[in-house]
Amino acid sequence: MTECRQDIVTNTSKQAPTEREEYSFAAIEKRWAGYWENNKTFKAADDDTRPRRYVLDMFPYPSGDLHMGHAEAFAMGDVVSRYWMLRGYDVLHPIGWDSFGLPAENAAIARDAHPAEWTYNNIATQRSSFERYAISVDWDTVLHTSDPEYYKWTQWLFLKFYERGLTYRKKSQVNWCPKDQTVLANEQVVDGACERCGTEVTKKALEQWYFKITDYAERLLEDMDALEGHWPERVLNMQRNWIGKSTGATVTFAIEDGPEIEVYTTRPDTLYGATFMVVAADADLAEQLVTDDQAKDLAAYREELKHVSDIDRQSADRPKTGVYLGRYGINPLSGERVPVWASDYVLADYGTGAIMAVPAHDQRDMDFARAMDLPVRMVVDTGEDNPEDTGIATTDPGTNVNSGNLNGLSGQEAIDKAIDLLAAKGTGEKSVNYRLRDWLLSRQRFWGTPIPIIHCADCGLVPVPADQLPVQLPTDLHGQQLAPKGKSPLEAAEDWVNVECPTCGGAAKRDTDTMDTFVDSSWYYMRFTDSNNDEEIWDRDRLDRWAPVDQYVGGVEHAILHLLYSRFFTKALYDMGLVSFTEPFARLLNQGQVLNGGKAMSKSLGNGVDLGVQLDAFGVDAIRLTMVFASPPEDDIDWADVAPAASLKFLARAWRLAQDVQYSDSAPGADPSTGSLNLRQTTHKVVHEAESLLDDQKFNVVIARTMELVNATRKEIDNGAGAADPAVREATEVVAQLLSLVAPYTAEDMWAMLGHEPSVSRSSWLEVDESLLVEDKITVIAQVQGKLRDRFEAPADISDDELEALARDSQNVQRAIGDQQIRKVIVVKGKLVNFVVG
RNA sequence: GCCUCCGUAGCCCAAUCGGUAGAGGCAAGCGACUUAAAAUCGCUGUGUUAUGGGUUCGAGUCCCAUCGGAGGCACCA
């Protein structure tokens with residue numbers, strides 16, 4: 001931490017180079033190192049004197065030192081934070097670490113150590129790099145999710161959720177990573193593989209802890225409407241896909257000599273085409289339904305399925321398999337008897353785990369029907385070839401046929417009518433389904449928040465009383481004791497596991513699983529408003545003053561996982577009356593990735609670019625500038641395409657402006673209105689544009705405008721009014737302010753050279769003089785039939801009539817019109833005249 | 001298969017409301033300074049705005065289709 005920075009001289013007073021020198025990023029970095037931290041320049045005041053803003057970067061995982069990806073993300077967040085500070089807001093810009101997680105455990109196993117050691121060493125390294133990188137954070141807010149002072153409250157929240165029935169245990173077929181030896185949430189399985197290590201995920205029947213996020217599916221979906229325009233379209237789309245809402249009907253089928261079963265369908269209009277039923281082979285339902293005669297077949301089929309991997313199982317073109325259960329169901333509308341089958345193409349945990357199969361209008365059912373030689377009946381005529389003949393299911397809307405009372409209806413009409421008929425008989429109703437599953441939160445690993453539950457043989461699940469929180473991780477486990485064994489390493493800590501039941505005082509055991517680290521990060525943004533509170537989770541007033549986050553910045557890889565979980569937590573806490581808002585992040589910016597040669601940097605490809613090496617070669621400011629200028633923030637940056645050397649050149653060019661002013665007769669506070677009008681117009685135009693560009697997150701364009709201003713100022717110094725001109729000072733001050741958003745060292749140095757007290761971050765933003773934005777002369781274009789024919793200069797306040805007259809006088813225009821008749825003249829004020837002829 | 005976004009100069013990218021296609025940078029070329037070079041300064045931008053239609057006085061911008069790229073969901077009934 002700070003002790004790593006002894007080499008750096010700390011400064012607390014105004015300073016500037018005392019004689020003319022060359023731009024040296026190393027010298028400038030040295031001059032300002034430690035300044036902002038020592039002076040708490042970026043500490044949130046929380047004093048109600050100014051409007052507030054809360055800027056948050058997704059907190060880092062302490063995997064080692066900072067890398068290029070951190071450098072980009074934090075450069076973007078800093079632009080926003082520093083800009084708002086310059087605009088006079090009281091900005092909360094906190095920093096902390098997401099410090100629980102597997103890599104620490106693996107490192108501990110490898111070096112026979114405790115995960116805390118590796119974790120906190122890495123945090124110290126990253127902190128030191130952040131300081132060098134000069135991000136504008138309030139260092140008093142630091143928190144680590146692995147600190148007992150933090151996870152105490154994670155456990156407290158877990159119990160709040162438990163009280164409300166939002167946390168529960170359930171046994172089911174869960175995703176299991178054989179390499180990490182732990183269960184995984186649905187969101188952590190990507191293409192059938194573990195999101196973290198890439199190992200193919202298998203299924204295991206286990207009893208695990210869940211959060212009931214499905215209770216919030218509809219609100220998570222609905223509330224996205226309010227985020228429209230403030231979150232990237234892509235992220236909203238991804239979350240909508242993930243929630244996967246569908247509307248249809250649940251339909252009850254009676255079973256001959258058996259229990260009735262419900263099915264879910266989005267196409268109740270095709271009910272008359274249901275020629276068989278299928279239940280999920282791995283569901284209990286299959287076992288309940290199967291007749292004694294068929295029981296053997298079902299058992300054999302289930303055994304077979306155990307050997308099919310998840311990846312194979314999910315591929316749609318795999319031949320359909322299944323087994324007849326020996327039963328018949330009764331179609332509630334037609335009264336028809338239909339056989340009941342079991343297959344793995346029906347999922348146990350979606351809908352009711354059973355379907356009515358309509359082979360004519362669903363390709364999966366068609367494939368099954370063909371494989372098992374089951375009947376196919378067309379009930380919707382779409383005008384396409386009859387699926388009974390082609391084997392190709394038709395799914396478009398059409399006119400119902402062979403459908404009793406539904407005949408002649410089509411599309412939504414038929415669906416509504418079918419539901420009405422079912423409802424009248426009490427055998428079905430309209431219903432909604434979501435693809436979203438409950439969040440599996442328990443993990444069989446050590447380095448995470450312990451689940452604060454005690455298992456008592458007599459009392460069952462007993463929450464750890466609030467006054468006994470936190471349930472701390474044992475500190476005496478290390479090395480191999482932490483190795484994955486398929487059950488939690490905590491089980492080995494016998495002293496820790498065996499406790500008295502808080503209810504009956506009898507012998508009991510602690511829950512030995514730990515929480516998914518996404519639980520930790522679901523609420524950290526709230527804790528940041530009151531990080532050091534050891535009395536309560538947060539002071540409600542403080543939280544309400546700052547939250548929700550005004551601007552959140554982070555990678556799109558969390559589009560579903562973290563962002564969805566955090567939204568869920570916020571809504572659940574709102575319902576518990578613990579917070580007064582329902583969405584955590586008002587605005588979201590997804591910065592792109594930093595690539596190299598078109599590919600993501602990785603060790604295996606050997607194309608990594610080391611951030612430290614870049615910083616040493618070009619300086620912090622040039623690297624930050626390169627990150628921001630390269631492309632729009634959300635686009636990827638290919639490091640092979642950018643030129644940090646050019647950024648460095650530009651910074652030197654800007655810095656020299658300040659030096660020229662410093663060594664001229666210019667004095668701070670000179671009245672700029674006595675200076676070059678031309679340069680002043682440019683300066684005010686640039687500031688004016690920068691304001692809207694920054695609001696629109698077009699940071700790369702802001703840099704381009706700053707470059708223009710630097711060019712114009714250089715020209716004024718060399719071939720115009722000279723360095724002592726007050727307009728040159730004004731322009732250079734604006735350059736320093738704009739640069740302070742991305743190049744804090746250079747900007748601070750310029751500000752000092754211009755004779756101001758630090759910090760430039762605390763200076764006041766130039767108030768745009770509207771009169772300087774008005775141009776006195778404008779270029780007007782003349783068109784004939786929308787084609788450009790001439791352009792000419794005119795006074796800015798020219799009237800439409802005069803403008804038209806001027807255009808008529810143009811020889812080019814007259815030539816283009818020739819002897820054609822002018823039918824219409826369109827005049828756009830101060831811009832163009834268009835003659836419509838013919 | 002379904003859903004989103006994107007396609008502008010050799011490259012990265014600009015272009016409020018539909019109104020002059022080019023702001024900034026890279027690369028390239030030329031010039032000034034220099035014994036020379038580096039650094040610095042200056043000058044140099046003609047392109048099917050992916051393609052084809054449509055709307056409009058006027059389309060990079062709006063609509064439709066196609067092609068290409070990126071991403072998400074997917075045996076979800």
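Since we're looking at a predicted model, the values are computed, not measured. Just so we're on the same page: letters track the sequence lines, and every chain starts at 1.
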Original post:
Knowing that exactly one of A:T706, A:V742, A:T746, A:L741 qualifies, which makes a side chain to side chain contact (heavy atoms under 4.5 Å, CB included) with A:L625?
Top reply: A:V742

Original post:
What pair of heavy atoms forms the shortest contact from A:T352 to A:Y264, and how long is it?
Top reply: OG1-N, 3.8 Å

Subject >> A:K649 NZ to B:G25 C1', straight-line distance once rounded to whole Å >> reply: 10 Å

Subject >> Nearest-neighbour nucleotide for the A:D362 side chain, B:A77, B:C26, B:G72 considered >> reply: B:A77

**OP:** Would you classify A:P632 as touching base, sugar-phosphate or nothing, given that sugar-phosphate means primed atoms plus P, OP1 and OP2, and contacts are heavy atoms under 4.0 Å?
**Re:** sugar-phosphate

Original post:
With no hydrogens and no angle check, do the side chains of A:R567 and A:Q239 hold a donor and an acceptor under 3.5 Å apart?
Top reply: yes

**OP:** Give a yes/no answer on whether the side chain of A:S343 brings an N or O atom under 4.0 Å of OP1 or OP2 in B:C75.
**Re:** no

Subject >> B:U56 and B:A74, which share atom name C1', separated by this distance in whole Å >> reply: 42 Å

Original post:
Looking at A:K203, A:K320, A:R302, A:R318, which hits salt bridge (charged side-chain N to carboxylate O under 4.0 Å, His left out) with A:D344?
Top reply: A:R318

Subject >> From CA spacing to verdict: salt bridge (Lys or Arg N to Asp or Glu O under 4.0 Å), A:E218, A:K245 >> reply: CA-CA 8 Å; A:E218 187 59 35; A:K245 181 179 182 173; 3.0 Å; yes

Original post:
B:C73 pairs with which nucleotide, Watson-Crick or G-U wobble, both distances below 3.5 Å?
Top reply: B:G1

**OP:** Evaluate the criterion side-chain contact (heavy atoms from CB on, under 4.5 Å) for residue pair A:V833 and A:I826; output intermediate values, then yes/no.
**Re:** CA-CA 6 Å; A:V833 181; A:I826 289 149; over 6 Å; no

**OP:** Quote, to the nearest angstrom, the C1' distance that separates B:A15 from B:U20.
**Re:** 12 Å

**OP:** Provide the distance between the two P atoms, one in B:G71 and one in B:G52, to the nearest whole Å.
**Re:** 28 Å

Original post:
In whole angstroms, how far is the P atom of B:C11 from the CG atom of A:D636?
Top reply: 18 Å

Original post:
Taking atom types as modelled and ignoring hydrogens, do the side chains of A:T266 and A:S246 form a donor-acceptor contact shorter than 3.5 angstrom?
Top reply: no

**OP:** Look at all strands and tell whether A:R653 reaches a base, only sugar-phosphate, or nothing, counting heavy atoms closer than 4.0 Å.
**Re:** sugar-phosphate

N/O to N/O distances under 3.5 Å, protein versus nucleotides 61-69 of chain B:
none

**OP:** For A:Q239 and B:G72, give me the distance from atom CD to atom P, rounded to whole Å.
**Re:** 14 Å

Original post:
Touch check for A:K787, heavy atoms < 4.0 angstrom, all strands: base, sugar-phosphate only, or nothing?
Top reply: nothing

Original post:
Which letters describe nucleotides 15-24 of chain B, given B = protein heavy atom under 4.0 Å from base, S = only from sugar-phosphate, - = neither?
Top reply: S---BB--BB

**OP:** Using a heavy-atom cut-off of under 4.0 Å over every strand shown, decide if A:R789 touches base, sugar-phosphate, or nothing.
**Re:** nothing

Original post:
With side chains defined as the heavy atoms from C-beta onward, is the minimum distance between A:M76 and A:F699 less than 4.5 Å?
Top reply: yes

**OP:** With the side chain of A:T266 defined as its heavy atoms from C-beta on, choose the nearest nucleotide among B:G71, B:C57, B:A77.
**Re:** B:A77

Original post:
Would A:Y565 and A:W439 count as a close aromatic pair, with their ring centres under 6.0 Å?
Top reply: yes

Subject >> Strand partner of B:A65, provided both Watson-Crick or wobble distances fall under 3.5 Å >> reply: B:U51

Original post:
Under 4.0 Å: is that the gap between some side-chain N or O of A:R714 and OP1 or OP2 of B:G42?
Top reply: no

Subject >> Interatomic distance, A:D635 CG vs B:G25 P [rounded to whole Å] >> reply: 20 Å

Original post:
Would you say A:Y345 reaches B:A77's phosphate, i.e. side-chain N/O to OP1/OP2 under 4.0 Å?
Top reply: no

Subject >> Charged tip of A:R587 within 45° of A:W231 ring normal and under 6.0 Å >> reply: no

**OP:** Look at all strands and tell whether A:D638 reaches a base, only sugar-phosphate, or nothing, counting heavy atoms closer than 4.0 Å.
**Re:** nothing

